[in-house]
Amino acid sequence: MKRFILSIALMAGIFSGAAQVIDDGESLTIIKSNGDDMIRIEPDRQGDVVIKIAGYAISFGNDKLEKPSKHRRYSQFGKEVDGKIGLLEIGASMLTSPDYSAYTAAQNGFMDLDASKSFHIALNTLSTSVSLSPRGHLRFSTALSLVWDNYVISNTRKLSVVDGVVTPATLDGARKSKLATFSLRMPLFLEVDLFGSSFLSAGVYGEWVNAWTKYKSPKTKSTEIDKCINPLRWGFAAKLGITDGLYLVGDYCCTNLFRDNRGPATTPLSIGIGMLF
């Protein structure tokens with residue numbers, strides 16, 4: 001651009017005939033025959049070209065493109081980033097204290113669990129995270145989770161369904177009695193990085209559930225209890241990063257395990273660890 005402007009100035013001097021062109025290496029001046037400046041072209045402090053005509057100044061940008069600053073950061077806001085939903089989570093399956101008010105004293109405790117054998121497994125697939133901050137330290141994360149919960153009954157009672165209600169029954173010779181559930185879960189987390197590799201994540205989830213009972217000696221499986229289970233549930237979940245690849249995770253369901261008047265009032269919860277790969 002600067003060369004183009006100088007060419008125009010030279011052409012103006014040539015066609016004016018009676019004008020004199022003075023070039024001192026830094027500026028160019030076209031002087032009328034009476035000694036007055038007609039056109040003056042010079043750079044300013046920023047390196048832009050300034051043309052002064054009859055007391056008016058016109059500034060043109062520098063030919064060189066501005067180099068990006070080395071300290072300028074690329075904003076990740078609204079971009080997909082790496083989140084903190086691990087591929088695998090394992091832990092303990094638990095229930096809040098069941099309400100046996102609708103049962104006889106002899107039936108109380110039939111949902112007591114063997115905590116050492118009741119386990120929770122979650123396989124998180126299709127996880128994605130979107131940054132809510134320029135550097136990606138605040139995120140929304142979600143996934144499609146496949147969740148298995150095994151509730152091993154401590155007293156080896158059979159969970160029968162009588163007149164649409166979950167009812168305990170004696171299971172002679174059984175070595176193991178359990179209630180198992182499988183759910184398709186959709187969590188939504190708000191994640192924030194703390195310091196180092198630690199992070200905090202909290203959110204809600206919704207899920208679809210089905211259930212069955214299983215016994216050993218004799219080995220039997222029944223799905224009749226599924227009609228007593230709440231098929232749609234929701235709850236809260238939280239995670240706390242403890243190392244670069246591990247985090248603590250817990251969830252609490254806000255929906256009863258059984259439908260109203262179909263079983264003792266109790267809600268599922270779990271606690272465990274998650275693994276980032």
Side-chain angles (χ1 to χ4, degrees), residues 86-125 144-185 205 207-233 235 237 248-275:
L87 177 63
L88 180 65
E89 297 171 353
I90 57 176
S93 297
M94 296 175 283
L95 296 171
T96 59
S97 297
D99 179 7
Y100 296 112
S101 58
Y103 294 87
T104 65
Q107 294 175 323
N108 286 356
F110 72 88
M111 285 296 298
D112 292 347
L113 302 181
D114 184 340
S116 64
K117 297 179 181 179
S118 300
F119 63 89
H120 167 95
I121 297 177
L123 182 64
N124 300 310
T125 66
L144 177 62
S145 302
L146 311 179
V147 182
W148 292 267
D149 283 290
N150 285 269
Y151 305 99
V152 177
I153 309 301
S154 62
N155 50 32
T156 64
R157 288 185 180 182
K158 180 180 180 179
L159 301 181
S160 299
V161 177
V162 179
D163 296 329
V165 179
V166 176
T167 305
T170 302
L171 190 62
D172 295 331
R175 293 188 294 107
K176 189 176 183 180
S177 172
K178 75 174 182 179
L179 166 66
T181 63
F182 168 76
S183 61
L184 287 176
R185 178 178 295 186
Y205 67 86
E207 61 184 355
W208 170 84
V209 186
N210 74 331
W212 62 94
T213 53
K214 193 172 183 180
Y215 314 99
K216 287 186 178 180
S217 295
K219 187 175 182 180
T220 58
K221 181 179 178 180
S222 173
T223 59
E224 66 174 354
I225 200 170
D226 187 50
K227 58 188 176 183
C228 298
I229 296 290
N230 267 314
L232 298 177
R233 306 192 306 210
L248 298 176
V249 58
D251 61 63
Y252 176 82
C253 187
C254 295
T255 307
N256 280 332
L257 176 65
F258 300 107
R259 298 172 186 258
D260 291 344
N261 302 317
R262 295 291 186 93
T266 181
T267 56
L269 65 153
S270 69
I271 187 170
I273 60 172
M275 288 163 276

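Any value given below was found using the heavy atoms of this structure, including those in side chains, with hydrogens, waters and symmetry copies removed. Keep in mind that what you see is a predicted model, and the values were worked out from it rather than measured.
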So how far is it from Thr220 OG1 to Lys158 NZ, rounded to the nearest 0.5 Å?
6.5 Å
If we only count heavy atoms from C-beta on, is the Leu95 to Pro268 side-chain gap below 4.5 Å?
yes
Is there side-chain contact between Asn230 and Phe258, with at least one heavy-atom pair below 4.5 Å?
no
Between CD1 of Ile121 and OG of Ser145, what distance do you get to the nearest 0.5 Å?
13.5 Å
Nearest-0.5 Å distance, CZ of residue Phe182 to CG of residue Asp226
12.5 Å
Any side-chain heavy-atom pair of Pro168 and Met111 under 4.5 Å
no
pair Leu123-Leu87: side-chain heavy atoms closer than 4.5 Å
yes
Side-chain heavy atoms of Ile225 within contact of Val166, under 4.5 Å:
yes
Is it true that Ser160 and Thr167 share a donor-acceptor pair across their side chains at a distance under 3.5 Å?
no
Within the 4.5 Å heavy-atom criterion, are Ile90 and Phe119 side-chain neighbours or not?
no
Inter-residue atom distance Leu257.CG - Asp149.CG, 0.5 Å rounding:
9.5 Å
Nearest 0.5 Å, please: how far is NE2 in His120 from CE in Met94?
10.0 Å
Taking Asn124 for its side chain and Gly86 for its backbone only, find out whether a donor-acceptor pair lies under 3.5 Å.
yes
side-chain contact (heavy atoms from CB on, under 4.5 Å) partner of Ile153, chosen from Asp114, Thr213, Leu113:
Leu113
Whether the side chain of Ser177 engages the backbone of Arg157 through a donor-acceptor N/O pair (distance < 3.5 Å, no angle test) should be reported.
yes
Cys254 backbone acceptor or donor facing Thr267 side chain under 3.5 Å
no
Going by heavy atoms in the side chains, are Trp212 and Ile229 under 4.5 Å from each other?
no
Which pair of non-hydrogen atoms, one from Ala237 and one from Tyr205, has the smallest distance, and what is that distance?
CB-CD2, 4.3 Å
